[in-house]
J.: 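The structure under discussion is supplied below as structure tokens; questions concerning it will follow.
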Amino acid sequence: MSQELRINNNKFIDQTTRLSFKFNGEKLYGYKGDTLASALLANNIHLVGRSFKYHRPRGIMTCGSEEPNAIVQIGNDPSLTDPNVRATEIELYEGLEAFSQNCWPNVKFDIGGINNFLSPLLPAGFYYKTFMWPASFWEKYEFFIRHSAGLGKSPSKPDPDIYDHKYYHCDVLVVGGGISGIMAAKLSAENNNETLLLDDKNTLGGATIYQNNDCFQIDGTHTNYWLEKEINKIKNIKNLTIKTRTSLAAYHGYNYLLAKENLTDHLSPDERKGKIRQRLWKIRAKKVIIATGSIERPLIFNNNDRPGIMLSSAIKKFIDFYGVKAGKEISLFTNNDSAYETAISLKKSGVNIVSIIDIRDKSSSKIVKEVEKHKIKIYWKHTIVNTEGYRRISFIEIMKLSDDGSGVIGKKIKLKTDCLGISGGWTPMVHLFTQSGGKLKFRSDDNVFLPDKNKTPSDQISIGSCNGDFDIKDIILNSNKAVKTFLGIENSSFDNLKVESSKEEMKRNIWLLPSDKPIGKTKPFLDFQNDSTAKDVKLALREGFKSIEHVKRYTTTGMGTDQGKLSNMHALGIIAETTGTNMGELGTTTFRPPYTPLTFGAIVGRNVGEFFDHTRKTAMHNWHVQNKAKFENVGQWKRAWYYPKNGETMFEAVQRESKAARESVGILDASTLGKIDIQGTDASEFLNRVYTNAWSKLAIGKCRYGLMLNEDGMVYDDGVTTRLGENHYIMTTTTGGAANVLTKLEDYLQTEWPELDVYLTTVTDHFSTISICGPNSKKILSKVIPDLDLSDEKFPHMSFKNSIIDGIKCRVMRISFTGEHSYEINIQSNFAKHVWELCMDAGKNYNITPYGTETMHLLRAEKGFIITGQDTDGTMTPSDLQMDWIIGKKKFDFIGKRSLYRSDTIRDDRKQLVGLLTDDPKEILEEGAQIVEKLNQKPVEMLGHVTSSYFSPNLNKSIALAVMKSGKKLKGKKFFVPMENKNINVTVTDTVFFDKENKRLNA
Amino acid sequence: MFIINCPYCGERDQTEFSSGGEAHIVRPKQPTELSDDEWAEFLFMRKNIKGIQFERWNHSHGCRKWFNVVRDTSNDKIHAVYKMGEKPPANK
Amino acid sequence: MKNKYSIFSLIKNAFSGHENWQRAWRDPEPKKEYDAIIVGGGGHGLATAYYLAKKHKMTNIAVVEKGWIGGGNTGRNTTIIRSNYLWDASAGLYDHALKIWESLSQELNYNVMFSQRGVMNLAHNLQDVRDLKRRTHANRLNGIDAVWLNTDEVKKFCPIINTSPDIRYPVLGGTLQKRAGTARHDAVAWGYARGADQLGVDIIQNCEVKGIKRDGDQVIGIDTSKGYIKSKKIGVVAAGHSSVIANMAGLKLPLESKPLQALVSEPVKPIIDTVVMSNAVHAYVSQSDKGELVIGAGTDSYVSYTQKGSHNIVEETLRAILELYPIFSRMKMLRQWGGIVDICPDASPIISKTQVKGLYFNCGWGTGGFKATPGSGDLFAHTIANDEPHKLNAAFNINRFVSGDLVDEHGAAAVAH
């Protein structure tokens, strides 16, 4: 295609670098500096997509992030494709491929377009009123609704790109690099403030940088030249960091802001390789200056949505910045002066202007007079009543407005046009201000919501047109003044600028422009993406939805991917007008972050894959890996689960490990258990208060099992604590509970019992724990530590010794979680793997068998020892666990004691821990299975559930622990465990299955 | 995302801290003498104030110290911080 | 029913340009006195009013709402509906609600778009497996349609989940409740409002309660921004603001109000047609009929009434989403928001009388109240009308915090979405 719509000598577009791209498979060309939108327009393509509901043809409407229509799918690689990309934002690169969305088979002929003819049946909220019959059919209707909704397509393969985070602290953050933002950044940085200036475009300067109009001058030059010089100046100021292609996404409390920097989306696929795609800046700024500008409003009239109908300011930017004529026969439709700037830009580039339709009676401002000089036909006090052209606008029909603006009079005039610029005034971008918690005030002169300076939550100001200054003179004067005050600056280089502009003199606003047809027969679109019309808003009001939020939700106005940037003000205006409410009282809907959509990838950054969560590994981890261990996640820890040999199944491995531990010797890496070092003169008293049992009389060198409750009386954690010295203990906790236990203990110590002299230190990672159990454990230990007297007299069960292994200091505890004679060696983690290997060597002749958590669980279940979190669930008291013996009845108090005497906790029919045996000893119960007394009951009364279940190789039968209602009284009674396909007969037993006399502890 | 001025470490990001709920609920010295109702009051009942709340925070990813914060729960503005055991600011 | 909704009424109204639709509900000024007043015009409150009028014939009643109906947590939640709860009391309550959901559109003549696309809960560690199997067994015996799926079956039911054994917390299986699903949140509030209004209930918006008047132990009325309104029965369904109202009556509740956040992506064509929840890594996702991915984030740990949470909560949630669905990395967050959830220590609600005669509270729904809306309204209406609880909400009385007879759903779900 030729580039006949392109004008030459444009400095923002590099016409020496031609870029080829594809749109819907068609090969086209653009230039470096283009966006996809400008390149398409240069190729005379307006029709880009189809609307959400009626599938109406839609074109490029804007030139920025407010674009509701020109939304495309970029690429078709299943891992790299991007849905819903605004053609007005994506920069053109060599090889770009874009596709229209929401249409089938193609954008020019879309089957879904039938919805347009059905539109009388599809008013706002129609789906609430139908699809209810027959009742069971909703999911079938829904299938079709879902498939016709949605815009682009999600990628279907994982994203190979990398995203990054950056934390940034600065004195002053300036958001927006338009004229006021440039001024603010310069003043800030020159006055010794560490300043960050962000702009979402690839060049600074906003709309002023291409404003080349005699009516607007600063110090005798056109505003664009003046600004260009200023931009060149700030590039070398120290203290100032400038980031372009960086859009501010969210403004949270305490000046915490998120910005997304685009690093590769403008590059060709080849250039992207190895680069980070996007970086999320997490900014804490002492002060924030918002200079985000404003967005032009559309006008709401019949059939205002056709391809070729664009914001007047967009037409201006396309011609002045991109050097692209949006049409050959352009009309402009306006209620204010800014369309006249567009007219002059077009005229300068030799584009024919069919006419300007202005709803105002007249205007005699400087710029209007300038336009009149060009002999352009202006229809004052006229409105457009209809447009024609299915895939591109072809005609407009205009009529004279009545004096009150509610109707049209006179004869209809039909004008041929291939592009229509519309301008309904300007909307300040106050999104960030409100996101931060700021409240808005309404200015009725020009119907804008502005930041209320008295209701600003943090140290910030808004300047420029986002603060309601639209005239260049006001912008410069007020921005300069505001920034000086905000930053405490006395003199500014902008103090004595001479600014010339064209003051707007006449305003007229009509939210919904009348047509010669009744409103019911018109299609005045408000939200172009979601296809909601002014009629829909009126319908919602008629049906009693009066809150702006109700209207928004009922009509879906403002809920598209542009989040109502173009539609919200008109929706508000129409509501206010229809209900006779003041717009200021009506308020706006809540602007929710992010300002523009933010990729999940950028939000997550590098914390994906292996960095999703920390992985904690013990000092012996590599040994387990080398010995083919399977691992289990316990909290963040990787724990050896079992060690399959020669293709064993898990069951086989666990049976072998369990037998070996009881018949000879087993070795377990128990390093993950939490370890808290407790010191201080009140350490014993502290333990008295946090555990249910008594600690004062525990002799130095002895160990004791303790149970810790929550204040609500329920079992929270357990473990063995050893008295190392008069005022020194080491406490062990469960693996998963370690961090929480420490936090809880610190809480009590610091807040409830500050009088206690106790210090807590976590030493979980400092010491590794090797547990050696079984009848031959003593032999292993005597080999590893020959000097240690292991006799029962000198080193009895539940005691501890300081010792040395291979020159390394260690603590050896004789404690047992398996019921076997066993030892736990605690040793500095740096040496732990070495000592583990020494133990393995020492055990060679005894078939020393490493075992994992599964075998540990099995062995302890044989002994009826509980695992908190598995046999308890936060609803079990010590008594429920048949552990009344551990409650120090004489103790004055301990955490949770009072709760044990509440009316519900003293019931004797609570769920209590029991043992269960299946009638068929080979049948292994499923953990979690429920227990009932009677079959075929309705409703079924569930008495409890299986908490732990294993096949015991040492007993050659299955065993289980369970909690059951009144369990303590049920010993010997028979019950059922009803499964999906069978009922299993079980008998309640004691919780101890193996070595009830505890003979093996000293074997 | 507020900033909390830890009385031991200075201003830090909110993410370094964890909340411990309403402050100045003193654990009864003699729980056994309380009725079930009184014990439940201590255990579960909370003012859950909308407005100025006195609450406990822990610098859990820092010095691990507990301290008190006066915060307006209706806008998350922090009005004061003070150490455990110190007197709350006068406006209580 | 006047103004009945159907395809025929749509066609009929299309001919008149939809100019003749009547109001969905009136906009009355408050009367001086009502037989009962419901404080809070969310789904639960409006449902309570509807059932009071419909089943208990109390039609001289009002719903007073501080803002606009359905504007609190009803309009802010991720719309997950399920009943696969662990404890009998919870299962009874939520399945009662689920049964009403199944015919609610017809009952209200308002399409609430209840979509039984199934809810899957994933297990990521061995204790998760035990807990979820325990729940599944209990559900089956309680007549709730929950089944256990192994990892392959999980993958088959929702192919986009990353079920690789090599991820940080691999999927070890999950439970599926097929009758579970989602509904259109706004429609629930609007449907109940329209239904209640037609039965004569006054729905009074922009009416903030400023005080609760008592005569000794008996409640006698409320002070509001629209004046004093007398009533001897007042049911409070104020979610995050329950404690604020309770304090007006001199009561304290076992609640903390915390920020809970949610977000949606830009709309895309159907990519996930069920609801997947994962407590262990904290990721909840479904796709709305419009095409947006609807994602529930977690709660912050502190009390706040700002309807804003902290950004790190959103970041952590999306981290988990990408762990399970790495294909969503290029999807874009369109909108995020927060609500205020009132959380009980045992993660179960309160539907109860109080020590003040005539004052009833329905609160403590925490992060999972939407699913219960119809059941909660029905049971609360019963409690108010009869001055005693229905057997299905007897366990959810406020006295359980004194006796210790809690309904602790923590073990079953860290966050009960």
Side-chain angles (χ1 to χ4, degrees), chain A residues 82-84 120-121 123 126-132 135 139 142 145-146 149-159 252 520 539 542-544 547 549-550 553 561 592-594 597-601 603-604 607-608 612-613 632-633 873-875 902-905 927-930 940 942 945, chain C residues 5-7 10-11 14 17-19 21 23-25 27 68 71 103 105-106 110-111 115-116 125-127 130 133-134 137-138 141 168-169 186-187 266-271 289-291 311 315 318-319 321-323 326-337 403-405 408 410-411:
Chain A
D82 284 310
N84 307 336
L121 285 178
F126 71 96
Y127 29 75
Y128 301 123
K129 293 174 176 154
T130 182
F131 303 126
M132 288 180 281
E139 267 116 78
E142 190 186 35
I145 290 174
R146 292 187 68 191
L151 289 169
K153 293 190 188 93
S154 162
S156 55
K157 290 210 168 133
D159 183 1
H252 296 293
L539 172 65
R542 209 154 42 238
E543 293 193 89
S547 150
E549 290 283 354
H550 274 162
R553 286 158 181 262
T561 60
R592 285 163 169 161
L598 195 56
T599 57
F600 291 180
I603 295 169
V604 171
N607 299 313
V608 288
F612 168 62
D613 194 14
E632 171 192 6
N633 284 311
D873 60 0
T875 68
R902 291 179 297 171
S903 62
D904 191 70
T905 34
E927 287 168 351
Q930 300 286 328
V940 184
M942 288 174 259
H945 74 283
Chain C
Y5 293 160
S6 69
I7 184 68
L10 261 178
I11 293 170
H18 299 287
E19 295 279 342
W21 288 107
R23 296 184 67 100
W25 50 81
D27 190 17
W68 37 283
S103 57
S105 293
Q106 290 71 36
Y110 205 93
N111 189 356
S115 166
Q116 293 180 294
N125 59 52
L126 297 175
Q127 191 54 41
R130 287 182 201 105
K133 281 193 173 171
R134 175 185 174 193
H137 284 293
L141 296 174
R168 182 67 186 85
Y169 296 106
D186 292 331
E266 290 184 341
V268 286
K269 293 290 175 191
I271 180 87
D289 286 344
K290 213 182 151 189
H311 170 71
E315 182 176 326
L318 287 176
R319 203 186 281 180
I321 290 288
L322 295 195
E323 166 83 348
I327 66 167
F328 288 155
S329 166
R330 301 178 89 84
M331 292 288 288
K332 283 168 270 174
M333 176 167 87
L334 177 61
R335 192 164 67 232
Q336 73 169 94
W337 64 92
S403 70
D405 190 9
D408 197 330
H410 282 301

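Predicted model only: the values in this text are computed from it and were never measured. Letters A, B, ... are given to chains in the order of the sequence lines, protein chains preceding strands, and every chain is numbered from 1.
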J.: If we define contacts as heavy-atom pairs under 4.5 Å, which of A:Gly520, A:Gly874, A:Pro120 has the most with chain C?
T.: A:Pro120

J.: As an exercise: rank C:Gly291, C:Ala24, C:Ala187, C:Ser115 by heavy-atom pairs under 4.5 Å with chain A and give me the winner.
T.: C:Ser115

J.: Using non-hydrogen atoms and a 4.5 Å limit, figure out which bit of A:Thr561 sits close to chain C: side chain, backbone, both or neither.
T.: both

J.: If only atom types and distance count, is the side chain of C:Lys269 paired as donor or acceptor with the main-chain N or O of A:Ala149 below 3.5 Å?
T.: yes

J.: Do C:Asp405 and A:Ser903 come close enough that some side-chain heavy atom pair is under 4.5 Å?
T.: no

J.: As an exercise: rank A:Glu632, A:Gln930, A:Glu927, A:Arg553 by heavy-atom pairs under 4.5 Å with chain C and give me the winner.
T.: A:Arg553

J.: With sequence neighbours left out, write down each residue that passes side chain to side chain contact (heavy atoms under 4.5 Å, CB included) with C:Asp27, or none if nothing qualifies.
T.: A:Lys546, C:Arg23

J.: Is C:Leu141 close to chain A through its backbone or its side chain, or both, or neither, when contacts mean heavy atoms under 4.5 Å?
T.: both

J.: If I compare all heavy atoms of C:Gly17 with all of A:Arg542, which pair ends up nearest, and what's the gap?
T.: O-NH2, 4.4 Å

J.: Checking C:Asp289 against chain A: side chain, backbone, both or neither under 4.5 Å from a heavy atom?
T.: both

J.: Please check if the side chain of A:Asn633 supplies one atom and the backbone of C:Arg168 the other of a donor-acceptor pair under 3.5 Å.
T.: yes

J.: When heavy-atom pairs shorter than 4.5 Å are enumerated against chain A, which of C:Ile321, C:Ile271, C:Leu318 gives the highest number?
T.: C:Leu318

J.: Using a 4.5 angstrom heavy-atom cutoff, name the option from C:Asn125, C:Leu126, C:Ile11 with the most pairs to chain A.
T.: C:Leu126

J.: Please determine, among C:Lys133, C:Lys290, C:Gln116, C:Gln106, the option with the most heavy-atom pairs under 4.5 Å with chain A.
T.: C:Lys290

J.: Grab the two heavy atoms, one from A:Ala929 and one from C:His137, that are nearest each other, plus how far apart they are.
T.: CA-CD2, 3.5 Å

J.: How are the rings of C:His311 and A:His252 set relative to one another: parallel (under 30°), tilted (30 to 60°) or perpendicular (over 60°)?
T.: tilted

J.: Checking C:Asn111 side chain against A:Met132 main chain: does a donor-acceptor pair fall under 3.5 Å?
T.: no

J.: Tell me every residue that passes side chain to side chain contact (heavy atoms under 4.5 Å, CB included) with C:Pro326, counting only those two or more places apart in sequence or in another chain.
T.: A:Pro158, C:Asn162

J.: Could you tell me whether a side-chain N or O of C:Glu323 sits under 3.5 Å from a main-chain N or O of A:Val608, the two making a donor and an acceptor?
T.: no

J.: Could you tell me which non-hydrogen atom of C:Leu334 sits nearest to which non-hydrogen atom of A:Pro597, and how far apart they are?
T.: CD1-CG, 3.9 Å

J.: Heavy atoms only, distances under 4.5 angstrom: which of C:Met333, C:Arg330, C:Arg134, C:Arg130 has the most pairs with chain A? Name it, please.
T.: C:Arg330

J.: Could you tell me which non-hydrogen atom of C:Ser329 sits nearest to which non-hydrogen atom of A:Asp159, and how far apart they are?
T.: OG-OD2, 2.7 Å

J.: Can you see which heavy atom on A:Pro83 is nearest to which on C:Lys332, and at what distance?
T.: O-NZ, 3.3 Å

J.: For A:Lys129, look at atom NZ and say whether over 12 heavy atoms of other residues, nucleotides or ligands are found less than 6.0 Å away.
T.: yes

J.: Side chain, backbone, both or neither: which part of C:Gln127 has an atom under 4.5 Å from a heavy atom of chain A?
T.: side chain

J.: Might you point out which heavy atoms bring A:Asn607 and C:Arg319 nearest each other, and give the distance in Å?
T.: O-CG, 3.0 Å

